[in-house]
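Each remark here refers to the structure printed beneath this line.
A, B, ... follow the sequence lines: proteins, then strands. Residue 1 opens every chain.
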Protein chains: 2
Amino acid sequence: MAERKVAITRATGGDGGDDDGRGRAGPHFVDLTARARIRDAALRLFAEQGFEATTIRGVAEAAGVSSGLVRHHFGAKEALREACDTYALERAMAIKEEAVVAGRLADPTFMVAVHPTLLLLQRYVARSMVDGSAAAAGLFDGMVAETERWIATGRLAGPGPDDDDDPRAFAAALVAMQTGLLILHDHVSRALGTDMLDVDGQVRLGRAVVDIHSRSLLSAEQAAQARAAYDEIQARWPARARGKEPAGAPDEQPPRARDEEPARARDEEHRQ
Amino acid sequence: MAERKVAITRATGGDGGDDDGRGRAGPHFVDLTARARIRDAALRLFAEQGFEATTIRGVAEAAGVSSGLVRHHFGAKEALREACDTYALERAMAIKEEAVVAGRLADPTFMVAVHPTLLLLQRYVARSMVDGSAAAAGLFDGMVAETERWIATGRLAGPGPDDDDDPRAFAAALVAMQTGLLILHDHVSRALGTDMLDVDGQVRLGRAVVDIHSRSLLSAEQAAQARAAYDEIQARWPARARGKEPAGAPDEQPPRARDEEPARARDEEHRQ
DNA sequence: CTGGCGGCTACACGTCTGTGTAGTAAGCTG
DNA sequence: CAGCTTACTACACAGACGTGTAGCCGCCAG
């Protein structure tokens, strides 16, 4: 495009400018095209406040431009969102690519350095899922599909992919859990006492997630009890419940069957 | 419109109309006080669309009343939210209490039957956390605190509470993950092919969560690698990083250190 | 019967939102 | 030079929102 000329003469430096306002995979410049600054501001505000709560005027102010310019560059608010979607995906892939091809994957310094950007992008995507962006929905599906594929490879540690397992549900739960961490950024950060996207918080949270997924929170008997309870429920609810037929007697005693994992969150919730 | 108000004043005239519009812990009536219907509609809409996106007029329409009546009963939108917060907590506690004192905890039929209500309440709370309700923030903190307490009891299965662990981060991550499932209701349901709050989806998801938490997704060496990577990062980032001091050499090789759990979500994300 | 009272509605007001339009300045092209 | 495009601004508009107000209609105490 031709915006470059004006932007350059306009003291935004020589950062070039199709639409990301910087060299391909180069580092961040402080001076960006106004369009890029708008997009960045929108991305951040969308991620922090959500789509609806973010106003075009707010984006304009954060980017240091007039609200009219936002419209001039992006037309409508929805188009601005789509631009953010595209950019988030593109930029995240670029970072990942650089990390891989440049062999910097093994360099923690690099990874941590780019993480603020990367995590913001992820946070944006996560928030978009809540706000109901079409792109985010596709992304969620893609993540579930890939996780499912990853499960199928059997690289998952532990007892192995179970007998009659439900990999789709497994994958969906995993993705939703992971995304939940980003969505609840503010609350998690408050609990941690640090921004979870800062290096410190990010490490603490990362360790916690590794801990959670590198041990089994439920004992074998606890898990068995829970599964038995689910069997019972399925048996009594004739719906299309994955090939079980209803049993007759409506009153038996599954051993205190709802005190396990899924119930924990419930308990705590009501406690407060 | 007009015929309804008559029916209501006639039918609900005796219940005092404090706020829930029914006998204390009684079953649901189809005919509720208008106030109760408004609150129920608001709860559902807040849970489904979020607070900002939900309009008073929308609530009124869903409840079958005029928008003015919403204001008449609740004054302001924020007060309506607070009423929902209070009610959600109260009702959830009531259900739980009934389940415990009536000994119906062991009756899966009951649990499943009340689950649609209970899960909607939970979903409301989860969504409130995203929308930034003060009550929800307190609830999150309470859940984290209780989970932390639960961890301290050592009832957690597996290798036991680790050496220098970070129970706060552990608890926060756990709570956020659990909550994420509710927040991403739509996406999870789409992945499942069923509403995750229906009996079928609820069972499938419950099984998946039990599976996730009753095995270790990461092998011992994977976990060790990840932890080593975090050590490395902490060592190089002198922040207030929990009592480690920076090391000198800026170039070593943590064995492909960022390919584990936390990276998985990232990978999939960019893939699509 | 009468008067007050609470549930309930209709309608109006100010604000904020996304959007539309007119206009200015600067640079490239001819 | 003129003519066009592009970045950018200021201002106006319609609609939707939360909120405010006046009033109707059954009920029930006196």
Side-chain angles (χ1 to χ4, degrees), chain A residues 1-19 21 31-39 41-42 45-46 49-84 131, chain B residues 1-19 21 31-39 41-42 45-46 49-84 131:
Chain A
M1 306 246 179
E3 328 105 37
R4 179 189 302 241
K5 59 204 170 186
V6 181
I8 291 178
T9 45
R10 192 66 59 92
T12 49
D15 65 56
D18 50 338
D19 116 288
D31 291 330
L32 291 172
T33 305
R35 181 185 165 92
R37 266 183 300 137
I38 293 171
R39 194 228 315 111
L45 291 180
F46 286 162
Q49 316 174 341
F51 181 73
E52 312 255 14
T54 301
T55 69
I56 290 187
R57 287 168 177 85
V59 172
E61 189 182 6
V65 299
S66 75
S67 69
L69 190 61
V70 178
R71 170 165 174 77
H72 171 68
H73 278 299
F74 296 94
K77 194 184 181 187
E78 187 60 37
L80 178 56
R81 185 204 326 229
E82 282 163 20
C84 288
D131 293 336
Chain B
M1 292 288 188
E3 84 281 1
R4 189 186 287 266
K5 81 185 165 204
V6 179
I8 288 174
T9 39
R10 194 164 299 152
T12 59
D15 71 21
D18 55 334
D19 133 276
D31 291 331
L32 291 170
T33 305
R35 180 183 167 93
R37 267 183 301 136
I38 292 171
R39 194 228 317 111
L45 291 180
F46 287 161
Q49 316 173 342
F51 181 72
E52 313 255 15
T54 301
T55 69
I56 291 187
R57 286 168 176 86
V59 172
E61 189 182 7
V65 300
S66 74
S67 68
L69 190 60
V70 178
R71 170 165 174 77
H72 172 68
H73 278 301
F74 296 94
K77 195 185 180 186
E78 187 60 36
L80 177 57
R81 178 189 351 214
E82 283 163 19
C84 287
D131 293 336

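Applying the side-chain hydrogen bond (donor to acceptor under 3.5 Å, both in side chains) rule to pairs touching residues 53-63 of chain A yields Gln49(A)-Thr54(A), sequence neighbours excluded.
Counting only distance, with no hydrogens or angles, the side chain of Arg39(B) and the backbone of Cys84(B) share no donor-acceptor pair below 3.5 Å.
For the pair Leu80(A) CG and dT19(C) P, the interatomic distance rounds to 10 Å; values are reported in whole Å. In this structure, His72(A) atom NE2 and dT5(D) atom P are separated by 13 Å, rounded to whole Å. If you take CD of Glu61(A) and P of dC8(D), they are 17 Å apart, rounded to a whole angstrom. Taking atom CG of residue Leu69(A) and atom P of nucleotide dT19(C), one finds them 15 Å apart after rounding to whole Å.
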Nucleotides 22-24 of chain C: which of its N/O atoms have a protein N/O under 3.5 Å away?
none

Tabulate atom names and distances for all N/O pairs under 3.5 angstrom spanning the protein and nucleotides 14-21 of chain D.
| from | atom 1 | to | atom 2 | distance (Å) |
| --- | --- | --- | --- | --- |
| dG18(D) | OP1 | Lys77(B) | NZ | 3.0 |
| dG18(D) | OP2 | Ile56(B) | N | 3.1 |
| dG18(D) | N7 | Arg57(B) | NH1 | 2.9 |
| dG18(D) | O6 | Arg57(B) | NH2 | 3.1 |
| dT19(D) | OP2 | Lys77(B) | N | 3.0 |
| dG20(D) | OP2 | Arg71(B) | NH1 | 2.9 |
| dG20(D) | OP2 | Arg71(B) | NH2 | 2.1 |
| dG20(D) | O5' | Arg71(B) | NH2 | 3.4 |

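Residues satisfying the salt bridge (charged side-chain N to carboxylate O under 4.0 Å, His left out) criterion with Arg71(A), sequence neighbours excluded, are absent altogether. By the side-chain hydrogen bond (donor to acceptor under 3.5 Å, both in side chains) test, Glu78(A) is found to be paired with Arg81(A), residues two or more places apart in sequence or in another chain being considered. Residues passing the side chain to side chain contact (heavy atoms under 4.5 Å, CB included) test with Ala79(A): none are found, sequence neighbours excluded. The side chain to side chain contact (heavy atoms under 4.5 Å, CB included) search around His73(B) returns Arg35(B), Ile38(B), Leu69(B), not counting sequence neighbours. When the side chain to side chain contact (heavy atoms under 4.5 Å, CB included) test is applied to Ala76(B), no partner is found at least two apart in sequence or on another chain.
At the phosphate of dT6(D), neither OP1 nor OP2 sits under 4.0 Å from any side-chain N or O atom of His73(A).
With rounding to the nearest 0.5 angstrom, the CG atom of Leu80(A) is 5.5 Å from the CZ atom of Phe74(A).
Closest contact between the side chain of Ser66(A) and the listed nucleotides dC8(D), dT9(D), dC8(C) involves dT9(D).
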